[in-house]
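Just so you know, residue 1 is the first one in the sequence shown, and it goes up from there.
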Amino acid sequence: MEVKNNVQSPNFGMALKIKCSPKDLEAAGAKVIERLGKAGEELAGTKYWDLEVVKGTSEFTPLRYRVNGNYCANAYIGDIRGKAVPHNEFLTIKSTWDGTDGVGGKKKGEACETVMRLASKDAALKAYDSLDVSNSLDNAVAATKVLDEWTIFQRTTDAAEDALKKQTQQAAADLFKKYGDIEI
(Lines give C-alpha, C1' and ligand atoms only; values in the text may rest on other atoms or scores of the structure.)
Protein backbone atom coordinates (compact mmCIF):
# COMPACT_ATOMS: atom_id res chain seq x y z
CA MET A 1 0.00 0.00 0.00
CA GLU A 2 1.33 3.42 -0.94
CA VAL A 3 0.80 6.37 1.39
CA LYS A 4 1.12 9.79 -0.19
CA ASN A 5 2.22 12.81 1.77
CA ASN A 6 -0.69 15.21 1.28
CA VAL A 7 0.71 18.54 2.45
CA GLN A 8 -1.74 21.37 2.94
CA SER A 9 -1.09 25.03 3.48
CA PRO A 10 -0.95 25.93 7.18
CA ASN A 11 -3.37 28.79 6.44
CA PHE A 12 -6.03 26.56 4.87
CA GLY A 13 -9.39 27.55 6.31
CA MET A 14 -7.99 30.41 8.36
CA ALA A 15 -9.70 33.75 7.87
CA LEU A 16 -7.05 35.73 9.77
CA LYS A 17 -3.71 35.72 7.98
CA ILE A 18 -0.73 37.50 9.46
CA LYS A 19 1.55 38.63 6.65
CA CYS A 20 4.00 40.75 8.59
CA SER A 21 6.90 40.04 10.91
CA PRO A 22 6.65 39.30 14.64
CA LYS A 23 8.49 42.62 15.23
CA ASP A 24 5.68 44.45 13.40
CA LEU A 25 3.16 42.77 15.70
CA GLU A 26 5.22 43.68 18.77
CA ALA A 27 5.34 47.32 17.62
CA ALA A 28 1.53 47.38 17.58
CA GLY A 29 1.40 46.57 21.30
CA ALA A 30 -0.12 44.03 23.63
CA LYS A 31 -3.73 45.26 23.25
CA VAL A 32 -3.63 44.90 19.46
CA ILE A 33 -2.03 41.46 19.72
CA GLU A 34 -4.76 40.37 22.14
CA ARG A 35 -7.46 41.78 19.83
CA LEU A 36 -5.92 39.98 16.86
CA GLY A 37 -6.23 36.70 18.77
CA LYS A 38 -9.92 37.40 19.36
CA ALA A 39 -10.34 38.41 15.71
CA GLY A 40 -8.92 35.06 14.64
CA GLU A 41 -11.54 33.28 16.73
CA GLU A 42 -14.36 35.53 15.45
CA LEU A 43 -13.42 34.93 11.83
CA ALA A 44 -12.84 31.18 12.09
CA GLY A 45 -16.18 30.50 10.37
CA THR A 46 -15.68 32.79 7.39
CA LYS A 47 -15.24 30.95 4.14
CA TYR A 48 -14.73 33.35 1.25
CA TRP A 49 -12.97 36.40 2.71
CA ASP A 50 -9.80 36.73 4.77
CA LEU A 51 -8.48 39.48 6.99
CA GLU A 52 -4.79 39.93 6.26
CA VAL A 53 -2.54 41.79 8.67
CA VAL A 54 0.25 43.54 6.77
CA LYS A 55 3.10 45.87 7.71
CA GLY A 56 1.94 49.42 8.33
CA THR A 57 3.25 52.62 6.80
CA SER A 58 4.87 54.26 9.85
CA GLU A 59 5.68 53.84 13.52
CA PHE A 60 2.28 55.39 14.27
CA THR A 61 0.51 52.79 12.14
CA PRO A 62 2.61 49.62 12.51
CA LEU A 63 -0.12 47.43 11.02
CA ARG A 64 -2.61 47.72 8.17
CA TYR A 65 -5.61 45.50 7.57
CA ARG A 66 -6.47 44.11 4.14
CA VAL A 67 -9.79 42.36 3.52
CA ASN A 68 -9.20 39.92 0.69
CA GLY A 69 -11.66 37.78 -1.25
CA ASN A 70 -9.88 34.45 -1.44
CA TYR A 71 -11.93 33.19 -4.41
CA CYS A 72 -11.95 36.42 -6.42
CA ALA A 73 -9.76 39.35 -7.44
CA ASN A 74 -11.34 41.75 -4.93
CA ALA A 75 -9.52 43.22 -1.95
CA TYR A 76 -9.89 46.35 0.15
CA ILE A 77 -7.40 48.03 2.45
CA GLY A 78 -8.16 50.52 5.18
CA ASP A 79 -11.60 51.30 6.48
CA ILE A 80 -14.64 49.89 4.72
CA ARG A 81 -17.73 52.00 5.28
CA GLY A 82 -21.32 52.04 4.15
CA LYS A 83 -21.85 54.91 1.71
CA ALA A 84 -25.41 55.65 2.80
CA VAL A 85 -28.11 54.04 4.91
CA PRO A 86 -29.66 51.34 2.71
CA HIS A 87 -33.30 51.74 1.68
CA ASN A 88 -33.55 48.23 0.22
CA GLU A 89 -31.46 45.05 0.13
CA PHE A 90 -28.54 46.84 -1.58
CA LEU A 91 -25.62 48.13 0.46
CA THR A 92 -22.95 50.31 -1.12
CA ILE A 93 -19.58 50.20 0.59
CA LYS A 94 -16.70 52.55 -0.02
CA SER A 95 -13.05 51.86 0.64
CA THR A 96 -9.65 51.80 -1.02
CA TRP A 97 -9.15 49.21 -3.76
CA ASP A 98 -6.32 46.75 -3.18
CA GLY A 99 -7.40 43.95 -5.52
CA THR A 100 -6.30 43.12 -9.02
CA ASP A 101 -5.75 46.17 -11.23
CA GLY A 102 -8.39 46.52 -13.90
CA VAL A 103 -11.20 44.65 -12.15
CA GLY A 104 -14.22 46.90 -12.48
CA GLY A 105 -11.93 49.58 -13.93
CA LYS A 106 -10.23 50.02 -10.55
CA LYS A 107 -6.52 50.40 -9.78
CA LYS A 108 -4.76 49.69 -6.50
CA GLY A 109 -4.87 52.62 -4.15
CA GLU A 110 -7.95 54.25 -5.71
CA ALA A 111 -11.09 55.02 -3.79
CA CYS A 112 -13.81 52.59 -4.78
CA GLU A 113 -17.42 51.72 -4.20
CA THR A 114 -18.96 48.28 -4.37
CA VAL A 115 -22.69 47.60 -4.46
CA MET A 116 -23.69 44.43 -2.66
CA ARG A 117 -27.10 42.75 -2.76
CA LEU A 118 -27.89 41.15 0.58
CA ALA A 119 -30.74 38.86 1.57
CA SER A 120 -33.07 41.66 2.72
CA LYS A 121 -33.31 45.30 3.72
CA ASP A 122 -32.81 44.26 7.35
CA ALA A 123 -29.61 42.39 6.43
CA ALA A 124 -28.35 45.47 4.57
CA LEU A 125 -29.13 47.73 7.55
CA LYS A 126 -27.43 45.31 9.95
CA ALA A 127 -24.35 45.19 7.71
CA TYR A 128 -24.30 48.99 7.43
CA ASP A 129 -24.50 49.38 11.21
CA SER A 130 -21.76 46.78 11.82
CA LEU A 131 -19.31 48.76 9.64
CA ASP A 132 -19.78 51.91 11.72
CA VAL A 133 -16.86 51.34 14.12
CA SER A 134 -13.93 53.70 14.56
CA ASN A 135 -11.21 51.16 15.35
CA SER A 136 -9.63 50.02 12.08
CA LEU A 137 -9.10 46.42 13.27
CA ASP A 138 -12.70 46.11 14.45
CA ASN A 139 -13.87 47.64 11.17
CA ALA A 140 -11.79 45.12 9.21
CA VAL A 141 -13.26 42.22 11.23
CA ALA A 142 -16.80 43.52 10.65
CA ALA A 143 -16.10 44.07 6.93
CA THR A 144 -14.73 40.54 6.55
CA LYS A 145 -17.94 39.15 8.06
CA VAL A 146 -20.18 41.39 5.90
CA LEU A 147 -18.35 40.49 2.69
CA ASP A 148 -18.44 36.80 3.59
CA GLU A 149 -22.22 36.95 4.21
CA TRP A 150 -22.64 38.74 0.88
CA THR A 151 -20.67 36.08 -0.97
CA ILE A 152 -22.57 33.25 0.73
CA PHE A 153 -25.90 34.86 -0.21
CA GLN A 154 -24.70 35.47 -3.77
CA ARG A 155 -23.52 31.88 -4.23
CA THR A 156 -26.68 30.44 -2.67
CA THR A 157 -28.84 32.58 -4.95
CA ASP A 158 -26.78 31.62 -8.02
CA ALA A 159 -27.00 27.91 -7.11
CA ALA A 160 -30.78 28.14 -6.70
CA GLU A 161 -31.11 29.90 -10.07
CA ASP A 162 -28.92 27.26 -11.74
CA ALA A 163 -30.98 24.46 -10.19
CA LEU A 164 -34.23 26.05 -11.40
CA LYS A 165 -32.78 26.51 -14.89
CA LYS A 166 -31.69 22.86 -15.05
CA GLN A 167 -35.08 21.73 -13.73
CA THR A 168 -36.84 23.83 -16.38
CA GLN A 169 -34.59 22.48 -19.14
CA GLN A 170 -35.21 18.90 -18.01
CA ALA A 171 -38.98 19.46 -17.82
CA ALA A 172 -38.98 20.94 -21.33
CA ALA A 173 -36.89 18.03 -22.65
CA ASP A 174 -39.18 15.49 -21.00
CA LEU A 175 -42.28 17.21 -22.33
CA PHE A 176 -40.82 17.38 -25.83
CA LYS A 177 -39.73 13.76 -25.65
CA LYS A 178 -43.25 12.74 -24.70
CA TYR A 179 -45.25 15.03 -26.97
CA GLY A 180 -42.82 16.60 -29.45
CA ASP A 181 -43.88 16.52 -33.07
CA ILE A 182 -40.84 17.91 -34.91
CA GLU A 183 -37.44 16.49 -35.83
CA ILE A 184 -34.43 18.04 -34.14
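Cluster membership for I77 and Y65, using ILVMFWY side-chain heavy atoms within less than 4.5 angstrom, is not shared. Each of V115 and V67 belongs to its own hydrophobic cluster when Ile, Leu, Val, Met, Phe, Trp and Tyr are linked at side-chain heavy-atom distances under 4.5 angstrom. One hydrophobic cluster, built from ILVMFWY side chains closer than 4.5 Å, holds both I18 and V141. Y128 and F153 are members of different hydrophobic clusters when ILVMFWY side chains are connected at heavy-atom separations under 4.5 Å. By the criterion of side-chain heavy atoms lying less than 4.5 angstrom apart, applied directly or through intervening Ile, Leu, Val, Met, Phe, Trp or Tyr residues, L43 is grouped together with L25 in one hydrophobic cluster.
Without hydrogens or angle criteria, D148 side chain to Y48 main chain gives a donor-acceptor distance under 3.5 Å. Panel note: side chain R66, backbone D98; a donor-acceptor pair is recorded below 3.5 Å. Under the 3.5 Å distance criterion, the side-chain polar atoms of N139 are matched with a main-chain donor or acceptor of L131. Under the 3.5 Å distance criterion, the side-chain polar atoms of E110 are matched with a main-chain donor or acceptor of K107. For the pair S95 (side chain) and D79 (backbone), a donor-acceptor distance under 3.5 Å is present. Side-chain atoms of R81 come within 3.5 Å of backbone atoms of V133 as a donor-acceptor pair (strictly under, hydrogens ignored).
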The test is side chain to side chain contact (heavy atoms under 4.5 Å, CB included); show your working for R35 and K38 and say whether it passes. CA-CA 5 Å; R35 179 63 185 106; K38 290 178 183 175; 3.6 Å; yes
From CA spacing to verdict: side chain to side chain contact (heavy atoms under 4.5 Å, CB included), E161, T157: CA-CA 6 Å; E161 288 172 0; T157 302; 3.6 Å; yes
Take E52 and R64 through the test salt bridge (charged side-chain N to carboxylate O under 4.0 Å, His left out) and record every step on the way to the result. CA-CA 8 Å; E52 298 173 350; R64 291 188 313 154; over 6 Å; no
Let me see the working for M116 and L147 under side chain to side chain contact (heavy atoms under 4.5 Å, CB included), right down to the final yes or no. CA-CA 9 Å; M116 306 184 315; L147 288 162; 3.4 Å; yes
List the steps and the verdict of side chain to side chain donor-acceptor pair (under 3.5 Å) for D24 and S21. CA-CA 5 Å; D24 295 327; S21 74; 3.1 Å; yes
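One finds the CD atom of Q169 at 5.5 Å from the NZ atom of K165 (value rounded to the nearest 0.5 Å). Interatomic distance, CD of E26 versus NZ of K23, reported as 6.0 Å (0.5 Å rounding). From D129, atom CG reaches atom NZ of K126 across 10.5 Å, with rounding to the nearest 0.5 Å. Note: K108 NZ to T96 OG1 = 12.5 Å, rounded to the nearest 0.5 Å. I152 contributes atom CD1, which lies 11.5 Å from atom CG of L118 (distance to the nearest 0.5 angstrom).
Within the 4.5 Å cutoff, the side chain of E113 has no heavy atoms near those of the I93 side chain. Residues L36 and L63 meet the side-chain proximity criterion, which asks for heavy atoms closer than 4.5 Å. The shortest side-chain heavy-atom distance between V103 and W97 falls under the 4.5 Å cut-off. In this structure, C20 and V53 have side chains that are in contact, with non-hydrogen atoms separated by less than 4.5 Å. When side chains are defined from C-beta on, N135 counts as touching L137, because their heavy atoms get closer than 4.5 Å.
In terms of heavy-atom proximity, A142 sits nearest to S130 at CB-O, 3.3 Å. Of all heavy-atom pairs spanning K106 and C112, the tightest one is CD-CB, 3.8 Å. The two residues A15 and T46 come nearest to each other via the heavy atoms CB-OG1, 2.6 Å. Looking at every heavy atom in both residues, A127 comes nearest to L91 through CB-CD2, 3.7 Å.
One finds a salt bridge joining E89 and R117 here, because a Lys/Arg side-chain nitrogen approaches an Asp/Glu carboxylate oxygen to under 4.0 Å.
Taking the six-membered ring where the residue is Trp, Y76 and W49 present parallel rings, their angle staying beneath 30° rather than reaching 60°.
A side chain to side chain donor-acceptor pair (under 3.5 Å) with D50 is found for one member of N68, N70, T144 and no other, namely N70.
Counted by atom type alone, Q154 and D158 present zero donor-acceptor pairs between their side chains at under 3.5 Å.
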